[in-house]
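The structure appears below as structure tokens.
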Amino acid sequence: RLPYGLAIFICVVSSVAILVTTIIVLANQISSFVSETPQLKERVLENIYHVQEEFGAYFHVPISEQRRFVSKNINKVIGQGGEALKTVASATFSTAVTVGILPVYTFFLLLYRNKFYNLLTAIVQSAHYQRTDLIVTQISMVTSRYLSGVITVVLILCVLNSTGLYLVGARYAILL
């Protein structure tokens with residue numbers, strides 16, 4: 001019962017609000033994770049030393065040799081981490097730009113969808129009008145069902161993964 005443009009605007013703004021809320025929740029989880037990095041590092045090192053002791057006892061490899069091997073390979077991983085961080089930052093910026101433009105595209109595509117349909121039917125000869133109408137209707141239906149299915153699967157996976165991680169005691173279940 002709202003004007004068409006206003007209804008589309010409300011839907012797009014609601015979607016953006018949900019997205020922003022999700023980003024804020026994840027940002028809080030990330031900041032909490034980063035603040036606990038020193039403690040996590042200590043626990044990881046303790047676990048590594050424990051594994052090294054078990055490995056050394058089982059395979060008769062001295063711990064000093066294991067530590068040299070681990071230190072050498074950790075430095076390689078850290079060196080590659082800088083490149084990975086650059087790639088992640090670039091991809092994040094690109095995604096942020098796309099996500100920023102997406103609501104504008106969505107708004108105008110929804111607002112002018114009838115004009116696109118009218119243009120398509122005006123281009124098609126009248127003998128093929130009925131077939132064109134059927135194809136457009138089928139495309140619309142398949143696209144709607146596909147997007148609904150993808151969103152449903154993503155939501156189910158998010159809930160199951162977060163629940164599972166929470167149940168096993170992961171502190172950052174939502175983030176992970």
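- Leu19 and Leu26 fall into different hydrophobic clusters, where Ile, Leu, Val, Met, Phe, Trp and Tyr are joined by side-chain heavy atoms under 4.5 Å apart, directly or via other members.
- Around atom OH of Tyr166, no more than 12 heavy atoms belonging to other residues, nucleotides or ligands sit under 6.0 Å away.
- Side chain of Thr121 to main chain of Asn118: a donor-acceptor pair is present (N/O by atom type, distance under 3.5 Å, no hydrogens or angles).
- Connection of Leu160 to Val153 is not established within any shared hydrophobic cluster, with ILVMFWY side chains joined at heavy-atom distances below 4.5 Å, either directly or through further cluster members.
- Nearest heavy atom pair, residue Asn28 against residue Ser31, reads O-OG, 2.9 Å.
- Residues Leu109 and Val12 fall within the same hydrophobic cluster, defined by Ile, Leu, Val, Met, Phe, Trp and Tyr side chains chained together at heavy-atom separations under 4.5 Å.
- The structure places CD1 of Ile156 at 11.5 Å from CG of Asn161, a figure rounded to the nearest 0.5 Å.
- Side-chain N or O atoms of Ser144 include none that pairs as donor or acceptor with a backbone N or O of Met141 at under 3.5 Å.
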Solution key, residues 123-135 side-chain donor-acceptor pairs under 3.5 Å, sequence neighbours excluded:
residue	atom	partner	partner atom	Å
Thr132	OG1	His128	O	2.8
Asp133	OD1	Tyr117	OH	2.3

Quick one: side chains of residues 98-108, donor-acceptor pairs under 3.5 Å with protein atoms, not counting sequence neighbours, listed by atom name and distance.
residue	atom	partner	partner atom	Å
Thr98	OG1	Ser94	O	3.0
Thr106	OG1	Leu102	O	2.8

Donor-acceptor pairs are to be reported for all side-chain atoms of residues 1-11 against protein atoms at under 3.5 Å, with residues two or more places apart or in another chain.
residue	atom	partner	partner atom	Å
Tyr4	OH	Leu110	O	3.1
Tyr4	OH	Arg113	NE	2.7
Tyr4	OH	Arg113	NH2	3.3

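- Other residues, nucleotides and ligands contribute at most 12 non-hydrogen atoms within 6.0 Å of the CD1 atom of Ile174.
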